[in-house]
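What follows is a set of notes on a single structure, which appears directly below.
Below, read A as the first sequence line, B as the second, and so on, with proteins coming before strands; counting in each chain starts at 1. Quantities reported herein were computed from a predicted structural model and do not represent experimental measurements.
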Amino acid sequence: MNALGQSLLNFWRSSIGKKLIVAVTGIILVGFLLAHMAGNLLIFQGRESMNDYAYFLHHFLHGVGIWLFRIVLLGAFILHIVTTIALVRQNRGARSEKYACEATVKASLSSKIMIWSGLTVLGFVIFHIFHFTIRVDPDLAGMKDPGDPSRHDVYGMVIAGFQNPLVVLFYIIAVTLLCSHLRHGIASLFQTLGLRSEKTRVAIQYAGIAIAIILWLGFLSIPTLITFGAIEDNGEAGKHSSTTFVIDPPKC
Amino acid sequence: MNLTLKVWRQAHADDTGSIETYPAENIPEEASFLEMLDIVNERIIEDGGDPIHFDHDCREGICGMCSLTINGVPHSKETGITTCQVHMRKFRDGDTIWVEPFRARAFPIVKDLITDRSAFDRIVAAGGYISVRTGAAPDANATPVPKIDADAAFDAAACIGCGACVAACKNASAMLFVGAKATHLNKLPQGEPEKDKRVLGMVRQMDAEGFGNCTNQYECEGVCPKEISADVIAKLNRDYAAAAGREAVE
């Protein structure tokens, strides 16, 4: 092996090298989540905005863009998990004997459940891809935009997809655990990248909490409002007109 | 004070070990924790038993020799002190106290509560030094050091190498120790020239010793008797990333 290869191997073998990989792939995944949430919120703009956005994503760079994006995202996701598994295996080996009396002095709850929140998110991502990306349900897969039947009706699909309370419940649990994962993960990645100091410590802590809360509110607003009937699919095409907000108008 | 002790007893390194129960009766509350163990040991010896073995030396919180995980927390739940500085007045009459060794694969148990912490010595030998001949003590201000750097280096140098950080970490990570030892030299002009070599060497030795990986729970910071901040871990991460990058291309 040449010198560069040896250096890279040393980097992978080192604890800090692996943690840097988890941190950098974490940044990619958090970036994706923020973009995904922003895209999802277009549902409040109505059918046309949502379906335009979906059409753009699928036809960006003549359809190549979304695949490049998916490959990078999938690569980051797999690397994040594989590296974490390698780290966890080492950690379990490093502390094979447990204390008879276990206690912690400052570990946060979210840091203690990282593995469970991470595994739940993994299960949810697989479900979510089958649900809304691959669309194994023929009823969801066959939905057409009333304004342009040549394209898929993502807007109608999301509303139809969240009619099942079990799906909504799983979504709420998974997104809540995802945000717990991020509350610890975002602050941790700053630490791993060496950006935490006396000056930045508090800001980093709050950044992790703030991003987690923003994502939690953004992602959960959609299934919650659909469940309570605040967003309905009236089957009409066109911008804004397709969204019916059935919340009572304010009484003046 | 009358107390009940639940103590880890292990005859030798290869023994499986177990928790044994001992009464600790008529303990003066002004006794230190180690003095309480001395009293219990005297009674065990009088009864013809094998006394509880534990590490200790200066008994004033500066040597880093005493250890013990007390009720699940290294050096007890009292902050900023070592086990030898814990006093029995911090407990209540009738308490049951769990006393266990510092647990980590890299700190093998020698006997009872005594662990072999020489892995730390090998990490320091892998880079925790300045290799130039220093000669006689230089004039105080011959090498100017900014106050902020001197303070940061001094804070890191407060590490007494007791190993509580490893014992508190669920992954038995030594990052706080290595971060402190690397930072206290890396922050100073005398240590700066060998920074990359030091960080790469110490981190590789840390990994080779079988310590786990930091998951940023900062339990280490919470139990450190010298209250060293986990910021030294961030600095170690940054210095390691830079050193590994330079090693790859130079």
Ignoring hydrogens and angles, write down the donor-acceptor pairs under 3.5 Å from the side chains of residues 68-80 of chain A, residues two or more places apart or on other chains.
| residue | atom | partner | partner atom | Å |
| --- | --- | --- | --- | --- |
| A:His80 | ND1 | A:Val22 | O | 3.2 |
| A:His80 | ND1 | A:Thr25 | OG1 | 3.0 |

A:Thr104 and B:Glu219, any side-chain heavy atoms less than 4.5 Å apart: yes
Exceeds 12 heavy-atom contacts within 6.0 angstrom, atom CH2 of A:Trp67: no
A:Ala94 to B:Ala172 - nearest heavy-atom pair and separation: O-CB, 3.4 Å
Straight-line distance of B:Leu236 CG to A:Ile16 CD1, nearest 0.5 Å: 4.0 Å
Portion of B:Ala167 that has a non-hydrogen atom of chain A nearer than 4.5 angstrom: both
Partner chain A: residue of B:Gly17, B:Ala241, B:Cys169 with the largest heavy-atom pair count (under 4.5 Å): B:Cys169
Chain A neighbours within residues 104-115 of chain B, where any heavy atom lies under 4.5 Å away: B:Ala104, B:Arg105
A:Leu87, part contacting chain B, at a heavy-atom distance under 4.5 Å: both
Where B:Asn213 and A:Lys19 come nearest, the two heavy atoms and their spacing: CB-CD, 4.3 Å
Inter-chain contacts: residues 74-86 of chain B against chain A, heavy atoms under 4.5 Å: none
Contact summary for A:Asn10 and B:Tyr240, nearest pair of heavy atoms: O-OH, 4.0 Å
Winner by heavy-atom pair count (cut-off under 4.5 Å) against chain B, out of A:Lys98, A:Gln90, A:Arg196: A:Arg196
Shortest non-hydrogen separation from A:Gln191 to B:Ile233 and the atoms involved: NE2-CB, 3.4 Å
Whether over 12 other heavy atoms sit under 6.0 Å from B:Ile148 CD1: no
Option in B:Val73, B:Asn237, B:Val166 with maximal non-hydrogen atom pairs under 4.5 Å from chain A: B:Asn237
Heavy-atom neighbours of A:Trp216 CH2 exceed 12 at 6.0 Å: no
Full working for salt bridge (Lys or Arg N to Asp or Glu O under 4.0 Å) between A:Lys106 and B:Glu221: CA-CA 9 Å; A:Lys106 63 188 299 181; B:Glu221 183 185 79; 2.5 Å; yes
A:Ser15 vs B:Asp207, side-chain hydrogen bond (donor to acceptor under 3.5 Å, both in side chains): CA-CA, chis, key distance, verdict: CA-CA 7 Å; A:Ser15 54; B:Asp207 292 340; 2.9 Å; yes
Main-chain N/O of B:Gly72 paired to A:Glu102 side chain as donor or acceptor, under 3.5 Å: no
Contact winner vs chain A - B:Pro101, B:Cys214, B:Ala152, B:Ser229, heavy-atom pairs under 4.5 Å: B:Cys214
Side-chain (A:Glu97) to main-chain (B:Arg103) donor-acceptor, under 3.5 angstrom: no
Part of A:Lys18 within contact of chain B (heavy atom distance under 4.5 Å): neither
Among the listed options A:Lys112, A:His184, A:Arg92, the residue most often paired with chain B at heavy-atom distances under 4.5 Å: A:His184
Atom pair CH2/OH of B:Trp8 and A:Tyr99 - distance to nearest 0.5 Å: 11.5 Å
A:Phe127 atom CZ, over 12 foreign heavy atoms within 6.0 Å: yes
Minimum heavy-atom distance between B:Asp231 and A:Arg201, given as atom pair plus value: OD2-NH2, 2.5 Å
Other residues, nucleotides, ligands: >12 heavy atoms within 6.0 Å of A:Tyr206 OH: no
Chain A contacts, top residue of B:Met206, B:Gln217, B:Arg238 (heavy-atom pairs, under 4.5 Å): B:Gln217
Contact residues of residues 242-250 of chain B (partner chain A; heavy-atom separation under 4.5 angstrom): B:Ala244, B:Glu247, B:Ala248
